[in-house]
Amino acid sequence: MTTRQDELVFVPLGGVGEIGMNAGLYGIGPERQRKWIMVDCGMGFAGEEGLPGVDLMFPDLTFIEERKKDLLGIFITHAHEDHIGAISELWPRIKAPVYATRFAKQLLETRRLSEPGAPKVDLREIKPGRRVTVGPFEIEFVPVAHSIPESNAVAIRTEHGLVLHTGDWKLDDTPVAGDTTSPEAFTALGDEGILAMVCDSTNVLREGRSPSESEVSATLRKLIENAPHRVAVTTFASNVARIRAVAEAAQACGRQVIAVGRAMDRVIDVARECGYLDGLPDFLSADSFSHIPRDKVVCLLTGSQGEPRAAMSRVSRHDHPAISLTAGDRVIFSSRAIPGNERDVGAIINDLIEDGIEVITDRTELVHVSGHPRREEMVAMYSWTRPKAVVPVHGEALHLDEHARFARSQGVESVIKARNGAVVRLAPGTPEVVEHVRAGRLYKDGNVLIDSKDRAIPERRKLSQAGIVSVALAIDERGEMAGDPAVDIMGLPNRGRSGEPLLDTVVDTVNRTINGLSRGKMKDSEAVEIAVDRAVRSAVNEAWGKKPACHVQVVEV
């Protein structure tokens, strides 16, 4: 018999209130005896979030780490980095079996788990349409269209009812590579009765229906066919449909394809193994570039998001060892800049245009489509599934709020507005947020993971804004200075607003402060450090208008 303590809960630890770092938990049982599964374990990119020295972010999994003996499995909806990118970094902390389709499993093995020091993850292949039982959960992957092959929604069957976790999806009847989203499959789930749907919110603000990948394919063929000289296409390395579309266009136009970039090479290798590039000739390496006539080549390049070390960025800086473009060539950005990357992408485009290269983006041609549903597509999904409750996920606050309004307009009984760390009781009773648990972010800083509250980040931010003053003093046992102080300034301008050298200002302030201290204070190194720190920061602020960080070291001799 189900007791009031025997609950079904959803606990997002990432991806709700933000885009990226997707990690959602489902738990069954009394609060202290719950069994859990996790759906996805992704990362995010720091971008322009004011995190100097940090490139990658991960969800804080402390809550489930403390319950890892009850975590039965991690189910991967698809192989995008915001859904799998944290596996290699965080799996050693939880060590649950990871279930993924063949493509996602092989890409994970190739991209993340082949790196030096990577953990030996327990990876298990799961086939769409087949049900897998783990503890009190019965899991079924349901294929959906998205911008990477083998994307799936997850149907989670429990004694309390069926939960549908949509993952990332869209409607596309002609996806070029990968599956369609089947109305029949989702209608069948709706007929079965869906207790709750946890649903993608990314494009809920956009009206209409997303164009098809086949429309992008037709545009790319036209642009490659009428290009007078070289063509370079940059896109997300994981977008196999786009890679295939470029290759088919090149083949039809009598051009050869050169693939450039390690991420692109890895995806192509896995895509060929899984049959998504059947019928296409092998791509050439960058070394072949100089041997192919200018009007017979198409380059597929990584770097559509402006990554400084990726191929497209290096080509724009004339820094690539094998690939170079000249005036009259054509570059196609078959992508859209992720928020935070616009400046870097814009810089590449400007460099290319300065060189006389024609640049085509989605602002002027249909060279990119999103992998997420617009409102017309969401209306269809809601009409098929008819969920009793909805939890909007995969979006920032604006997306989640609008999705909540949209769900109510579709007649959904219960709409739960959750954020990371919310414990959403789905059953029994009316779905609602019943408590909050620890959730947050971890930052990859060099080779270590640090908590978002680590002092290194705010200190680094302060250093980037106001520099640092370093002062070293030697004081003897009588409380007197032993020699002159050693002073250095970094990140400060040479002169203050009155034209005085700031280094001289600091040296004068240190000497004046030391001379004003009593013999007793001089014997207290901590008191000396505090006095010098305050005086230096105040003097610099008066001369410059900013207070730098100040490091004072007193050596007793």
Side-chain angles (χ1 to χ4, degrees), residues 19-20 43-48 55-56 78-83 85 107 111 146-149 168 176-177 202 210-211 213 215-217 219-220 223-224 227 230-247 249-250 257-268 271 283 286 297-317 319-320 323 325 329-353 355 357-372:
I19 293 178
M43 71 181 190
F45 296 95
E48 295 184 352
D55 293 321
L56 305 178
H78 64 286
H80 277 149
E81 289 294 289
D82 61 330
H83 293 260
L107 196 57
R111 182 181 291 178
H146 187 44
S147 50
I148 192 170
D168 295 1
V176 179
T202 310
S210 303
E213 276 291 340
E215 296 176 67
V216 175
S217 177
T219 303
L220 289 172
L223 293 173
I224 291 171
R230 301 183 189 94
V231 178
V233 182
T234 182
T235 188
F236 295 102
S238 59
N239 197 326
V240 175
R242 208 68 54 80
I243 292 171
R244 182 173 186 94
V246 170
V257 177
I258 295 176
V260 188
R262 285 185 298 173
M264 189 80 70
D265 290 340
R266 290 168 181 158
V267 171
I268 289 169
F283 301 156
V297 64
V298 176
C299 293
L300 262 172
L301 306 172
T302 57
S304 66
Q305 296 305 304
E307 305 93 326
R309 294 186 295 274
M312 190 73 256
S313 180
R314 296 186 67 186
V315 169
S316 73
R317 298 192 310 261
D319 184 40
H320 197 280
I323 307 296
L325 301 177
D329 291 340
R330 174 175 288 176
V331 171
I332 303 169
F333 276 78
S334 187
S335 58
R336 181 175 294 123
I338 295 170
N341 295 342
E342 296 93 344
R343 183 183 300 173
D344 292 335
V345 173
I348 291 174
I349 291 173
N350 286 332
D351 285 345
L352 293 169
I353 291 173
D355 286 339
I357 295 165
E358 180 189 14
V359 178
I360 295 172
T361 71
D362 67 337
R363 289 190 290 268
T364 57
E365 297 278 0
L366 182 58
V367 292
H368 178 70
V369 291
S370 171
H372 301 271

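Below, all heavy atoms of this structure are taken into account, side chains as well, without hydrogens, waters or symmetry copies. From a predicted model like this one, the values you see are computed outputs, not experimental measurements.
- The line from CZ of Arg242 to CD of Glu213 is 4.0 Å long, rounded to the nearest 0.5 Å.
- Applying the salt bridge (charged side-chain N to carboxylate O under 4.0 Å, His left out) test to every pair with at least one member in residues 330-339, sequence neighbours left out, gives these pairs: Arg330-Glu358, Arg336-Asp362.
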Next on the checklist: Go through it in stages, so that I can follow the logic: the residues are Phe283 and Ile258, the test is side-chain contact (heavy atoms from CB on, under 4.5 Å), and I'd like the CA-CA distance, side-chain angles, deciding distance and then a yes or no.
Outcome noted: CA-CA 6 Å; Phe283 301 156; Ile258 295 176; over 6 Å; no
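- Within the model, atoms CD1 of Ile357 and OG of Ser316 stand 9.0 Å from one another, a figure rounded to the nearest 0.5 Å.
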Next on the checklist: What verdict does the side-chain contact (heavy atoms from CB on, under 4.5 Å) test give for Leu220 and Val367, after you've listed the backbone C-alpha separation in whole Å, the side-chain angles of each residue and the deciding distance to 0.1 Å?
Outcome noted: CA-CA 6 Å; Leu220 289 172; Val367 292; 4.3 Å; yes
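- Taking the six-membered ring for Trp and thresholds of 30 and 60 degrees, His368 and Phe236 have ring planes inclined between 30 and 60 degrees apart.
- Residues Gly303 and Met312 share a closest heavy-atom pair of O-CB, 3.9 Å.
- Not one N or O on the side chain of Asn341 forms a donor-acceptor pair closer than 3.5 Å with the backbone of Ala337.
- Here the shortest heavy-atom pairing between Thr302 and Ala237 reads CG2-CB, 4.4 Å.
- The distance from atom CG of Leu352 to atom CG of Leu325, rounded to the nearest 0.5 Å, is 7.0 Å.
- Contact record, Ala241 with Val176: O-CG1, 3.5 Å, taken as the closest heavy-atom pair.
- Checking Ile332, Ile349, Ile348 one by one against Val359, the side chain to side chain contact (heavy atoms under 4.5 Å, CB included) holds for a single residue, Ile349.
- A distance of 9.0 Å separates CZ in Phe333 from CG in Leu301, rounded to the nearest 0.5 Å.
- With sequence neighbours excluded, the residues forming a side chain to side chain donor-acceptor pair (under 3.5 Å) with Thr202 are Asp200, His372, His394, listed by chain and number.
- Residue Leu107 comes nearest to Ala79 through the heavy atom pair CD2-CB, 3.8 Å, listed as atom of the first residue, atom of the second, then distance.
- With hydrogens and angles disregarded, no donor-acceptor distance shorter than 3.5 Å links the side chain of His320 to the backbone of Arg314.
- Distance check: Ile360 CD1 to Leu223 CG gives 4.5 Å after rounding to the nearest 0.5 Å.
- Contact of the Met264 side chain with the Val260 side chain is not registered, since no non-hydrogen atoms from C-beta on lie closer than 4.5 Å.
- Nearest heavy atoms, Arg317 versus Pro308: NH1-O, 2.9 Å.
- A distance of 8.0 Å separates OG1 of Thr235 from CG of Leu300, quoted to the nearest 0.5 Å.
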Checklist entry - Step by step, would you call Arg230 with Cys299 a side-chain contact (heavy atoms from CB on, under 4.5 Å)? => result CA-CA 8 Å; Arg230 301 183 189 94; Cys299 293; over 6 Å; no
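- Between Val345 and Gly306, the shortest heavy-atom distance links the atoms CG2-N, 3.8 Å.
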Item to check | Test side-chain contact (heavy atoms from CB on, under 4.5 Å) applied to His78 and Asp168, step by step | outcome: CA-CA 8 Å; His78 64 286; Asp168 295 1; 3.4 Å; yes
